[in-house]
Amino acid sequence: MALRATIILRKNSPPFPSLFTISTPSLAHHLLHHFSRPPPLRDPAHLQTLASALTPDAVEAVLRDLQSWRSAHEFFLWVSLQPGFRHSCYTYNAMASILSRVRQPSLLRSLLHEILSRKCPMTPGALGFLIRCVGSQGLVDEAEFLFDHAEELSCVPNLYTYNCLIEVLAKVGRVRMVELRFREMKNPDKYSFTAMLQAYCNAGMLDHVWRVFKELHGRGWVDEHVFTILVVAFCRWGKVDKVFELVEAMEGLGMRLNVKTFRVLVHGFAKQGSVEKAVEMFKKMKLAGFDGDLRLYSVLIEGFCAAKAVENGLALYREMKNSGICPDNRLMKMMISSLCGAGDMANANSLLEEEGDKASLASLVSLYNTILDGMIRFGDVERAHLLLRSMMANRNSLVAQKDGDECESREFEGAVSESLFRIKKSVLPNDESFSIVLCGLCEGDKLDKALVLFDDMISNACKGNLLMHNNLINKLCSVGRLEESYNMLNKMRELGFVPTEFTNNSIFYCLCKRGDSSTAIDLLKEMRHQGHVPWIKYCTLMVQQLSKQGKVDEACSFLEEMVQIGFLPDMIAYSAAIDGMCRIGEMDKALKVFRDVSSSCYLPDVVAHNIVINGFCKAGRLADAEAILNEMIDKGIVPSTVTYNLMIDGWCKAGRMDKALACLSKMNDESEPPSVATYTSLIDGFCSVGRTEDALQLWNEMQEKGCLPNKIAYSALVYGLCKCGRADVALSYFHEMKERKFEADASLCILMVNCLLLKRNLVSATEFLKQVRPMVESITTDSKDYRLMRKAVYELSKDVISLDKKTPLIQSVSGVKEDNYN
DNA sequence: TTAGGGTTAG
């Protein structure tokens with residue numbers, strides 16, 4: 001390195017001698033002096049002089065010593081422009097090393113380009129070094145390219161060059177390429193095998209990992225690095241026990257992990273939820289003589305908190321503090337949040353007491369906000385509300401003392417002792433505090449309290465946040481308080497918040513629930529303008545509500561207007577409209593909409609077809625219903641159980657049991673399992689035509705197939721048997737129904753009573769009448785049930801059976817003449 | 001912050 005350069009200086013350029021030789025360190029020193037300062041402060045004449053003496057060694061030294069990478073790069077470019085200077089592989093590598101350290105892959109790429117285009121001769125070692133730099137920045141293809149073009153750089157790669165390349169390939173898991181290069185190598189060494197191991201670990205190829213490990217072991221090449229690769233890989237795969245096994249094996253061999261690996265393992269286990277194991281590893285780390293720091297403690301404490309073992313987290317927190325490490329705001333928030341979330345307000349409070357004084361005012365308020373949030377998550381919104389109120393009281397107290405000694409830093413007990421927290425005098429609630437509690441109140445269905453708090457918030461000169469306003473509006477809308485939600489919308493705008501898609505959709509919901517289509521259309525226009533999209537399910541709600549109110553045409557117009565505005569309703573919304581028309585018997589209109597929608601926008605699905613089939617069945621137009629069924633099969637839409645149920649019910653109601661049974665067997669053929677509704681329709685159908693035995697056979701078949709009867713099925717059977725005069729069989733099923741905890745309706749009981757009377761089973765009839773008594777109030781005087789009831793009471797009153805005369809209905813029917821009700 | 005809204009039996 002004792003190179004000397006001769007520099008011929010211009011005349012009159014003091015303080016430098018006119019002619020002298022300069023050593024490399026001195027040259028480097030002068031260059032460093034210039035390039036460490038901004039360009040305007042450099043002496044161009046002097047630089048020019050220095051330029052003529054440049055040597056690669058000096059350049060390398062300057063690059064190494066310049067503090068800033070930008071200056072280094074600037075120097076490098078300057079050097080490249082100097083006539084007569086040629087970079088060596090070492091100056092290139094010095095620059096490459098800097099660029100990879102500061103993560104500048106694109107500059108690194110240009111550097112490679114230059115090296116290759118200038119065909120800079122490289123030694124195998126230099127090429128290996130360069131490949132490492134390039135690979136570390138993820139430029140794997142470039143690394144391979146360099147290797148493959150070694151010849152152009154007058155380089156014959158040696159074992160080291162190969163190892164550098166396969167390490168790069170291994171790190172990114174390019175196993176096949178590693179294997180290929182490995183096979184090309186003549187005498188792979190320890191490093192080559194280690195790179196292979198790394199490759200298999202990164203690719204998760206466990207069998208290969210063990211194979212290579214055995215190979216390394218057999219050659220006596222297993223070292224700490226090899227173990228570390230394995231341990232980190234097993235940690236990543238969540239194989240905690242294996243990691244411990246390996247670490248113990250290392251200990252047995254007198255090896256130990258380095259601190260970085262320990263940290264990786266502790267972090268890894270904690271993040272994977274094995275916090276106990278993380279702590280065990282942490283203990284090993286401390287035994288190995290390494291200390292924990294805030295980050296490591298934080299990740300462990302967080303692990304405990306996430307595992308709902310807050311008390312362990314707290315113990316570790318204490319240990320950390322005892323070892324002299326102070327928590328940061330993030331850890332404090334996590335601890336306080338977890339303690340509150342677990343309901344441990346006392347410890348949350350102590351933590352705040354211990355650290356609160358050290359925190360800045362902003363941090364302190366954010367800690368209080370964490371408490372508010374934690375209380376709400378614990379389900380104690382009331383306590384959070386009280387705490388917030390105590391914080392608000394601080395402001396009032398400050399105002400009252402304005403001219404007094406407000407610098408006094410005393411604390412006073414929170415206004416409400418149940419909040420358990422001492423409120424530091426300086427703490428005032430901010431927008432976040434109000435938002436947290438207001439959202440909590442909304443969530444807890446305490447809307448009116450939230451509204452009062454909102455007004456108080458405004459008096460406290462706070463304005464909350466957007467989420468809070470949205471929640472308030474959403475809550476108001478969900479309980480139908482539309483006017484108030486409009487007021488809130490105005491207030492939110494005045495406070496500078498811009499309503500979002502969520503805000504508008506909350507209002508849209510309310511309008512749909514009310515069936516107010518014209519206002520909803522206005523809102524949709526506005527939303528379109530603002531680029532907001534309506535939640536399509538509310539459109540369906542609008543259609544349903546309008547249909548319920550008998551305004552099917554309005555529902556259709558609403559959908560049409562939506563299209564005009566530019567929002568296309570989906571098939572579900574159209575289906576709801578079609579269903580509305582079917583239910584008022586407007587089958588032809590319904591069919592037209594069904595056809596229009598099919599031809600213009602959607603392929604109707606099974607449910608849409610079912611709706612039309614249902615419409616036709618209920619209108620008694622079974623042939624039309626069947627035509628729709630065939631049409632859907634032709635379209636390739638598979639009928640569902642509901643489809644067949646609708647057809648079966650239609651045929652049963654028309655007394656066509658043959659057709660209904662044919663449908664049932666089709667269901668079995670097409671493996672659409674019959675449901676309890678299928679059997680109920682059939683049982684009802686058989687009873688209606690007097691075929692009670694067939695009905696009972698189906699009843700058994702249903703249960704054999706694992707289909708359990710429900711209340712409707714029982715009612716249908718009992719009703720049918722009564723109608724056919726089989727009171728005793730009906731009675732046994734009625735009892736079974738009650739045993740299975742299905743409550744019979746009043747109609748069924750009354751029917752049962754009359755049926756028993758017909759059979760002169762007066763004792764049972766009386767029992768039943770008593771059962772009906774609690775339901776009497778719900779029977780209207782103009783109903784069939786009422787007439788049947790009167791008839792039953794009259795029949796019974798003719799016999800000497802004690803009746804409770806107190807019941808108004810029974811009183812009213814007592815003494816009624818038979819021809820009055822017949 | 002929001003994913004589920006339309007069809008069947010007594």
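Within every chain, numbering begins at 1; the chains are lettered A, B, ... in the order of the sequence lines, protein sequences first and strands thereafter.
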Kindly give the heavy-atom pair with the smallest separation between A/Tyr509 and A/Ser478, and that separation in Å.
CE2-CA, 3.8 Å
Across the strands shown, which category fits A/Val718 at heavy-atom distances under 4.0 angstrom: base, sugar-phosphate, nothing?
nothing
From the candidates B/dG10, B/dT7, B/dG6, the one with an atom nearest any side-chain atom of A/Thr540 is B/dG6
Classify the angle between the aromatic ring planes of A/His469 and A/Phe497 as parallel (below 30°), tilted (30 to 60°) or perpendicular (above 60°).
tilted
If you check every side-chain atom of A/Val607, which of B/dT2, B/dG6, B/dA9 has the closest atom?
B/dG6
Out of A/Ser640, A/Ser675, A/Pro674, A/Ser681, which one pairs with A/Asn645 under the side-chain contact (heavy atoms from CB on, under 4.5 Å) rule?
A/Ser675
Between B/dG10 (P) and A/Leu698 (CG): distance, integer Å
15 Å
Give A/Asn505 one of three labels, base, sugar-phosphate or nothing, depending on what nucleic acid heavy atoms sit under 4.0 Å from its own.
nothing
Phosphate OP1/OP2 of B/dG6 contacted by A/Arg583 side-chain N/O (<4.0 Å):
no
Applying a 4.0 Å non-hydrogen cut-off, can you work out what A/Ala677 is touching in the nucleic acid: base, sugar-phosphate, or nothing?
base
I want to check one thing: is the phosphate of B/dT8, taken as OP1 and OP2, less than 4.0 Å away from some side-chain N or O of A/Asn614?
yes
Just checking A/Lys618: base, sugar-phosphate only, or nothing, at a heavy-atom cut-off of under 4.0 Å?
sugar-phosphate
Among the candidates B/dG4, B/dT2, B/dG10, find the nucleotide nearest to the side-chain atoms of A/Lys537.
B/dG4
Would you kindly check if the NZ (Lys) or CZ (Arg) of A/Arg740 is within the cone defined by 45 degrees around the ring axis of A/Tyr714 and under 6.0 Å from the six-membered ring centre?
no
Could you check whether A/Ala608 gets within reach of a base, just the sugar-phosphate, or nothing at all, counting any heavy atom under 4.0 Å?
base
Over all strands shown, is A/Ile536 touching base, sugar-phosphate only, or nothing at heavy-atom distances under 4.0 angstrom?
base
What residues 468-479 of chain A contributes to the DNA chain B interface at heavy-atom separation below 4.0 Å is A/Asn470, A/Asn471
Applying a 4.0 Å non-hydrogen cut-off, can you work out what A/Ile611 is touching in the nucleic acid: base, sugar-phosphate, or nothing?
sugar-phosphate
I need the minimum non-hydrogen distance between A/Lys759 and A/Ala727, along with the two atoms involved.
CG-CB, 3.6 Å
From B/dG10, B/dG6, B/dT7, pick the nucleotide closest to the side chain of A/Lys711?
B/dG10
